[in-house]
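One structure is given below, encoded as structure tokens.
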Amino acid sequence: MLRFAPSPTGDMHIGNLRVAVFNYIVAKQNNEKLLIRIEDTDKARNIEGKDKEILAILDGFGIKYDEVVYQSGNFHIHQEMAKKLLDSKKAFVCFCSEEEINNERIKAKEEKRPYRYSGKCENLSSDEVEKRLKNREKFVIRLKKPENNIKFNDLIKGEFDFSPFEIDSFVILRADLTPTYNFACSIDDMIYDISLVIRGEDHLSNTPKQIAIRDALGYDKKIKYAHLPIILNNEGKKMSKRDNASSVKWLLEEGFLPEAIVNYLILLGNSFEKEIFTLDEAIKFFDLTKISKAPAKFDMEKLKFINKEYMKKIDNLAKRFGVNEIYEELLQIFKDESSTLKEVKEKFDKVFEKSTDEEFKNEREILKKEILENELEDDYNEFKKRVQNNTGLKGKKLFMPLRELLINEQHGAEIKDLYKVMKPYLKEVIKNR
Ligand code: GLU
């Protein structure tokens, strides 16, 4: 089984969506199931409704999954496992106060060395532990750091080797008996029989800790790992909330199509023979192990190019936008010169707004009168000849105000094409201009 494990703590980041897409593809390739695990252990950071939003996004992107579980539903198992580790002496009860630990952290920082747990409570006698527990002293549970190095092979990044010092004796159960992130994650990967973890490289340093937990429990199945390189913005920095394009919701609101976004995210950091493909097609040729190790740069222009390709196939824009079918051809003209659906809709909406341009105000009035008072010719050239003759306007002074009358823009599609498709409702539009 593979899993996608989003935290319901904010808008879905494109990096997360990329992780979901790759998990979906590999699950299909390996004929394995895909589990969605909502990592809701950090109560303070959870945002109500984000879980449903994430699932809706996955549905909208065609990422099918077999099961959804909430990590908080497994707290009792996490606690049971912590107890098991205590009983087998792989974990210990730690009474060090938060203040004590913080002071040690500050000291380590001042001495420019990494903070490590002092080991103070590691060898307390069972009698002492019993006594202090009876006294209701606050405690956490720590996993004893492993005796040997933890090694693993990442399918994308290669070999890793972490020393016990790097892993340290870390907290697995907090004072309120909730599991820490690493503990919950490691146990859940074990109980759902996960075969391969595909996630962002920001989790790389968590991996040895998560392996150490399962090793201590005697779980001997080797879970494989693939950590995806981060996505960088234009300035070469990690794409963060400050970059609008990092939010999947924002991209959808901007009028990027789910198929185009998925296509782009699969392409990112890869090189294939073709650039335009569906998710199903990608299942046939995608190779997780061939992803570039280097961070991938988000390229808005490329995404726009891909979106344009997918927009070509849309022939029912009027229906999509919930407007009269009579406008379909006009929408198609706007589509040809736009990169996103939002752009198309903005151009379309502008057609029905009042003109505010002062430059050709007089010319517009002259042309408006001419058009409204005469019958419209079928042929654009005849129409143009008549309008030119009767108004005396020509060149820029004819075409710019004329385009303004039609679509409320000085520049844009060919007037000839616009005239042809707008003729049935042209007078209506111009009347309100
Ligand atoms: N919940 C983590 C995140 O959203 C993912 C953890 C994992 O995949 O192991 O970054």
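Ligands are counted one by one from 1 in listed order, and the atoms in each one are counted from 1 as well. Computed from a predicted structure; not experimentally measured. Heads up: numbering here begins at 1 and tracks the sequence.
In terms of the side-chain hydrogen bond (donor to acceptor under 3.5 Å, both in side chains) criterion, residue partners of S186 (sequence neighbours excluded) are, by chain and number, R214. Annotation: side chain to side chain contact (heavy atoms under 4.5 Å, CB included) contacts of E111 (sequence neighbours excluded): K107, R113. With sequence neighbours excluded, the residues satisfying side chain to side chain contact (heavy atoms under 4.5 Å, CB included) with S169 are F92, Y117, E122, K145.
Looking at M12 and L58, their side chains come closer than 4.5 Å, going by heavy atoms from C-beta outward.
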List, pair by pair, the atoms of ligand 1 and of the protein that are both N or O and lie under 3.5 Å apart, giving the separation rounded to 0.1 Å.
from     : atom 1 : to   : atom 2 : distance (Å)
ligand 1 : 1 (N)  : A5   : O      : 2.7
ligand 1 : 1 (N)  : S7   : OG     : 2.9
ligand 1 : 1 (N)  : E39  : OE1    : 2.7
ligand 1 : 4 (O)  : S7   : OG     : 3.4
ligand 1 : 8 (O)  : R3   : NH1    : 2.7
ligand 1 : 9 (O)  : R3   : NH1    : 3.4
ligand 1 : 9 (O)  : R3   : NH2    : 2.7
ligand 1 : 9 (O)  : Y181 : OH     : 3.3
ligand 1 : 9 (O)  : R199 : NH1    : 2.7
ligand 1 : 10 (O) : H203 : NE2    : 2.9

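Both tests hold for K313 against Y310: distance to the six-membered ring centre under 6.0 Å, angle to the ring axis within 45°. For the pair R142 and F170, the NZ or CZ position fails the cation-pi test of under 6.0 Å to the six-membered ring centre and within 45 degrees of the ring normal.
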